[in-house]
J.: 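Could you have a look at this structure, given as structure tokens, before my questions?
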Amino acid sequence: MATATATTTQKRMYIDGQWVVAEDGRTIGVINPATENIVAEMAFGSRADTKRALAAAAKAMPGWMKQTPNDRGKILKKTADLMRDRADAIARTLTMEQGKPLAEAKAEILHSADTFEWFAEEGKRAYGQVIPNSQPGKKHVTIKHPVGVVGAISPWNFPITLQSRKIAPALAAGCTIVCKPASQTPLSLVQVFECMIEAGLPAGVANLVMGPAQDIADEFLENPVCRKISFTGSTEVGKQLMRGAADGLKRLSLELGGHAPFIVFPDADPEVGAKIAVMGKFRNNGQVCIAPSRFYVHKDVQKKFTEATVDFARALKLGNGLDAGIEIGPMFEKKAMENTLGLVSDAKQRGASILTGGKRSDRFNKGYFFEPTVLTNISGEMKLMTEEPFAPVMPILDFSKLDDVIAAANNTRYGLAAYVFTNDLTVAWKMADGIEAGIIGINDPVPATPQCPFGGMKESGLGRELGHEGLEAYLETKYVSIKLREG
Ligand code: NAP
């Protein structure tokens, strides 16, 4: 049971240039998953608050879209600078509300600052085209136009990264936005809003609301003012939004679940591969949409890879992310830890062997600490192979033929990321061509970077964030045809 302390602070929503409490005064306690204590209370609004925020965003839109991309870019760039200045403080809040180690939290803030800076520049490149005419006396051009007011919904695993990928391109494109973070992790985003405000954000251009997710989403879907919804989260909620968006024909960007294969070929050093695999798998406790979650290792190197993996996994330092040297924090909530236990017990019942981990850590009296887990003797019907695990569990399988491993990698409804470990260029290209995933890391466990497109195929989503594509997602193309006067 979470407990509030006498020093519990209260954070507010940001609507129309003002920090506000919920209309009915409701708050929600944000829990530190390492201590199970309440870090702070956050205003927990309603559909009415969302409606006000959308109205404010609509009011701000004409002025914001008239500003030049250079002027909008200055505010985004200044936001990036302030985020960097305050990275330590924001990272601390992020660790306390989400659980990830401080070093990972700080990396998230710096990566997000880079995203703000990159879109500050990319907004200047929202080019149209001049298209050659087929009839005499005509001129054809396209120009770019902001989509309109955006509703942005994000999950708890990367509270700042994922909102930055929406706020920065939307504002760069001339859109205004209403942001709804996950209920468990709003606090670090409050600090990013403080940076935006100090950077010169005009009232109404970006708003922050909290409240019951379904109510906020219904307002985004049903209010004609909201022209686009950008959602990051589960495939199930993404599909629900897609159904709901049909009536108002809202633009949609969907960044959804994944189940990434990590494939190790025999030409490369299996111990180096194991190190990269462990790093990619246990980052943020495996609670990462692009986390590798099925490890296919060539049978010639499987033994060495597995032994090294177990050694690396056992050596990881588990604890409160605020403490020095911690490499893995708690899982973000009790339910996530219980789901992980469920996945492990299902795998065990179906014949898996646990090589290390497999249980809640008994070194802590409080907090949702789960031991990094490695399993073998895996079969396809185990839940951790069919469902997105989002957990610190690492199932190792073997393979012998390239075509077979491509088929196994693609045998999923997801298509977000995939990882290949090889030094053979031909193998690398065959894998890049054959695998159905939006992001492919060849010997690279952390491929995301602001200038490159990020997103999934199949049921992993629609559209791309980051890169030039990430700006296009907030722009409409207007075609203008001009018939010149004769003579
Ligand atoms: P989730 O349940 O879909 O929640 C994500 C966000 O949607 C939260 O803000 C949540 O609000 C809100 N939400 C919940 N129910 C909703 C509804 N009916 N209508 C509209 N919004 C609703 O996802 P999760 O399980 O917390 O997050 C993990 C998932 O996100 C995983 O599947 C992961 O792969 C995916 N993800 C994808 C990417 C990517 O870029 N592709 C990145 C990160 C995570 P509340 O917090 O208030 O419930």
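We count ligands from 1, going down the list as the structure has it; atoms in each ligand are counted the same way. Heavy atoms only: backbone and side chains are in, while hydrogens, waters and symmetry mates are out.
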J.: Considering only NZ, NE, NH1 and NH2 on the basic side and carboxylate oxygens on the acidic side, decide whether Glu476 and Arg251 come within less than 4.0 Å.
T.: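 Between Arg251 and Glu476 there is a salt bridge, with a charged N closer than 4.0 Å to a carboxylate O.
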
J.: Excluding sequence neighbours, so at least two apart, what forms ring pair (Phe, Tyr, Trp, His ring centres under 6.0 Å) with Phe390?
T.: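 By the ring pair (Phe, Tyr, Trp, His ring centres under 6.0 Å) rule, Phe390 matches Trp156.
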
J.: For the residue pair Gln98 and Thr185, confirm or rule out a side-chain donor-acceptor distance under 3.5 Å.
T.: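 Absent: no donor and acceptor within the cut-off.
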
J.: Tell me if the centroids of the rings in Tyr296 and Phe399 come within less than 6.0 Å of each other.
T.: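 No, ring centres 6.0 Å or more apart.
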
J.: Should the pair Arg47-Glu219 be classified as a salt bridge under the 4.0 Å nitrogen-to-oxygen rule?
T.: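 Looking at Arg47 and Glu219, the cut-off is met.
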
J.: Any Lys/Arg nitrogen of Lys77 or Glu121 sitting under 4.0 Å from an Asp/Glu carboxylate oxygen of the other?
T.: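 No, no charged N to carboxylate O under 4.0 Å.
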
J.: Collect the protein residues that have a non-hydrogen atom under 4.0 Å from ligand 1 and hand them over in chain and number order.
T.: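 The 4.0 Å shell around ligand 1 contains Ile153, Ser154, Pro155, Trp156, Asn157, Leu162, Lys180, Pro181, Ala182, Ser183, Gln184, Ala213, Gln214, Ala217, Phe231, Thr232, Gly233, Ser234, Val237, Gln240, Glu255, Leu256, Gly257, Gly258, Cys289, Glu388, Phe390, Leu416, Phe454.
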
